[in-house]
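The structure appears right after this line, and notes come after that.
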Amino acid sequence: MRYMIEGTALSGLACEGKTLLGLVLDGRVIYRTPAAALSASFDKASVKVNTPVGWTLVVRNATSYSIYNSSGNKMGVSNVTKTDHPDGTTTYRGELQIGSAGKDRTFNFYAHDGSWQSPNTATATITITAS
């Protein structure tokens, strides 16, 4: 089915349920739902300082991601894997090490679409104990 918008051909309309994901007009993407971090978690509730801990992040329409601690410092990550899913989401899994102790430390996970960082974040909390 094709729709006409003021003389141009709307050739693609992507929806999931009642959510519009994107529009293609005359072969050009004219709208795409912004990148979003949908959920984030750590594999453990508590680890010792500088001990690698696994994390999982689920995003939509993102080309990359970043993780920041509560002080606004970007976290280094390792062993990252990426899995694309048929529903349009992507799951990233990896590890990071946290260098200072603290109870209920909150980390912000951001989705990126190119160089644009979504203001939408997913958060995950973990307790870091002294070694």
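Taking all atoms of both residues into account, the shortest heavy-atom contact from Ser46 to Thr129 is OG-CG2, 3.7 Å. Annotation for Ala37 and Ala122: closest pair CB-N, 3.7 Å, computed over non-hydrogen atoms. Taking both residues in full, the closest heavy atoms of Ile98 and Arg105 are given as CG2-NH1, 3.4 Å, listed atom of the first, atom of the second, then distance. Residue Val59 comes nearest to Ala111 through the heavy atom pair CG1-CB, 4.0 Å, listed as atom of the first residue, atom of the second, then distance. Scanning all heavy atoms of the two residues, the minimum distance from Ala35 to Asn61 falls at CB-O, 3.3 Å. Across all non-hydrogen atoms, the minimal contact from Met75 to Gln97 is CE-O, 3.7 Å.
The aromatic rings of Phe42 and Phe107 sit perpendicular, their planes meeting at an angle over 60°, well past the 30° parallel limit. The aromatic rings of Tyr92 and Tyr65 sit tilted relative to each other, their planes meeting at an angle between 30° and 60°.
Linking ILVMFWY residues whenever their side-chain heavy atoms come closer than 4.5 Å, directly or via other members, places Ile128 and Ile67 in the same cluster. At a threshold of 4.5 Å between side-chain heavy atoms, the hydrophobic network of Ile, Leu, Val, Met, Phe, Trp and Tyr places Leu57 and Tyr68 in two separate groups.
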Worked verdict on Val53 versus Leu96 for side chain to side chain contact (heavy atoms under 4.5 Å, CB included): CA-CA 6 Å; Val53 62; Leu96 58 79; 4.0 Å; yes
Evaluate the criterion side-chain hydrogen bond (donor to acceptor under 3.5 Å, both in side chains) for residue pair Asp84 and Thr90; output intermediate values, then yes/no. CA-CA 4 Å; Asp84 293 319; Thr90 299; 2.8 Å; yes
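Scanning for side chain to side chain donor-acceptor pair (under 3.5 Å) contacts around Ser41 gives an empty result, with sequence neighbours left out. Applying the side chain to side chain contact (heavy atoms under 4.5 Å, CB included) criterion to Thr89, with sequence neighbours excluded, gives Leu38, Val58, Arg60, His85, Asp87.
Atom CG in Asp43 sits 5.0 Å away from atom OG1 in Thr56 (nearest 0.5 Å). In this structure, Thr63 OG1 and Asp113 CG are separated by 5.5 Å, a value rounded to the nearest 0.5 Å.
Using modelled atom types, one finds a donor on one side chain and an acceptor on the other under 3.5 Å when comparing Ser66 with His112.
Judged as a side chain to side chain donor-acceptor pair (under 3.5 Å), the pairs with a partner in residues 72-83 (not counting sequence neighbours) are, in order, Asn79-Glu95.
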